[in-house]
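Position 1 is the first residue of the sequence, and the numbers go up from there. Model, not experiment: these values are computed from the prediction.
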Amino acid sequence: ACQVGALVERERAGQTNRQLRRQRELILESIGEGIHGIDIEGNITFENRAAATKLGRSAAELLGMPAHATMHHTRPDGTPYPIEECPIHATMLDGVVRVVGDDVFWRKDGSSFNVSYTSTPMRDEQDRIVGTVVSFRDTSKRVRAEAALQTAEDKLVGIMQSIDNVVWSLTYPDMDVIYMSPATERMYGRPAQDFLDKRSLWLEVILPEDRHHVTGNLDELFATGSFTFTYRIRRADGEVRWLEDRATTVRDTAGNIIRIDGVASDITERKRYEAQIEYLANYDALTGLPNRNLFTDRMQQMVARSARTRE
């Protein structure tokens with residue numbers, strides 16, 4: 001009876017162990033991340049479906065293969081990756097968990113894919129290292145997206161550096177500078193960083209007699225969504241320049257203003273031409289004396305003032 005009871009208990013224990021093992025297998029197979037185990041000799045001892053699929057092999061094919069030589073033999077730049085420098089191998093030696101965010105694994109067909117992975121030591125009942133478990137995820141889409149974003153940013157920087165106008169952006173309602181394009185130094189005689197460090201500098205460089213044209217028309221900008229300001233600035237070297245500034249409000253989905261963007265153009269030469277044309281229209285080019293146009297204009301102004309006085 002005792003022997004029968006012992007056999008029954010062993011059978012139950014075996015069945016329980018089989019159930020637990022099956023549950024672990026099901027969990028490993030259902031996880032989206034790739035997971036493989038490596039023994040102390042560096043050979044693959046288990047591989048879930050996600051890992052095998054990403055590596056372009058079957059799980060059965062991978063079992064017993066040397067892990068490093070199979071999937072981690074080459075660096076992203078194509079140079080050999082010595083196993084002595086491999087973080088996974090290092091974990092097997094010192095038992096330290098390692099997280100690597102930017103690496104590549106290699107498929108059976110010779111192609112590679114970007115991965116981030118965690119290498120964790122496996123220990124036995126005596127706390128001896130018997131291998132390592134590597135969990136990894138394919139980050140190829142993220143890497144491609146980041147590369148595309150970087151390319152777009154590089155193009156934008158190139159465009160910004162090639163234009164003479166200053167592109168700028170202010171917060172709302174604080175009106176602090178959060179961006180000034182590279183042309184800032186050419187136009188203002190100051191690096192863009194000066195405006196970021198002292199965020200009210202954009203208003204301070206405007207001549208005092210012109211500031212009211214900016215501050216006095218902000219309500220119209222906020223109401224209509226756009227406005228063109230014309231004013232003079234004093235550069236860091238003391239030179240005065242005329243600017244034409246086209247500002248636009250940026251709103252969120254609820255219609256609230258969240259930012260003000262604009263493009264400032266140097267119109268100093270245009271203002272000089274306009275002043276010269278006005279001078280030639282009202283003064284004789286040889287003598288510098290007022291001509292008939294100026295005389296007529298002044299007479300019309302005197303008549304208008306006289307009429308207002310009588311009223």
Pairing residues for Tyr231 by the ring-ring contact (aromatic ring centres under 6.0 Å, His included) criterion, not counting sequence neighbours: none

Can you list everything that forms a salt bridge (charged side-chain N to carboxylate O under 4.0 Å, His left out) with Asp266? Sequence neighbours excluded, please. Arg241

Check ring-ring contact (aromatic ring centres under 6.0 Å, His included) between Tyr117 and all other residues, then give those that pass, not counting sequence neighbours. His72, Phe105

Name all residues meeting the side-chain hydrogen bond (donor to acceptor under 3.5 Å, both in side chains) criterion together with Asp174; count only those two or more places apart in sequence or in a different chain, and write none if there are none. none

Residues joined to Ile267 in its hydrophobic cluster, side chain to side chain under 4.5 Å directly or through other members, sorted by chain and number, are Trp242

Just to verify, what does Glu269 make a salt bridge (charged side-chain N to carboxylate O under 4.0 Å, His left out) with, not counting sequence neighbours? Arg272

Applying salt bridge (charged side-chain N to carboxylate O under 4.0 Å, His left out), name anything that partners Arg137, two or more places apart in sequence or on another chain. Glu33

ILVMFWY cluster membership beyond Val104 - transitive side-chain contacts under 4.5 angstrom: Trp106

Pairwise salt bridge (Lys or Arg N to Asp or Glu O under 4.0 Å) hits with a residue in residues 55-73, at least two apart: Arg57-Glu61, Glu61-Lys108

Enumerate donor-acceptor pairs with a distance under 3.5 Å from any side-chain N or O in residues 203-215 to protein atoms, sequence neighbours excluded.
from	atom 1	to	atom 2	distance (Å)
Glu204	OE1	Lys198	NZ	2.9
Glu204	OE2	Ser200	OG	3.0
Asp210	OD1	Arg232	NH2	3.0
Asp210	OD2	Arg232	N	2.8
Asp210	OD2	Arg232	NE	2.8
Arg211	NE	Leu203	O	3.3
Arg211	NE	Ile206	O	2.8
Arg211	NH2	Glu204	O	2.9
Arg211	NH2	Ile206	O	3.3
His212	ND1	Glu209	O	2.9
His213	ND1	Asn217	ND2	3.4
His213	NE2	Thr230	N	3.3
Thr215	OG1	Arg211	O	3.2

Quick one: salt bridge (charged side-chain N to carboxylate O under 4.0 Å, His left out) partners of Asp176, sequence neighbours excluded? none

Residue list, side-chain hydrogen bond (donor to acceptor under 3.5 Å, both in side chains) with Gln193, at least two apart or on another chain: Asp197

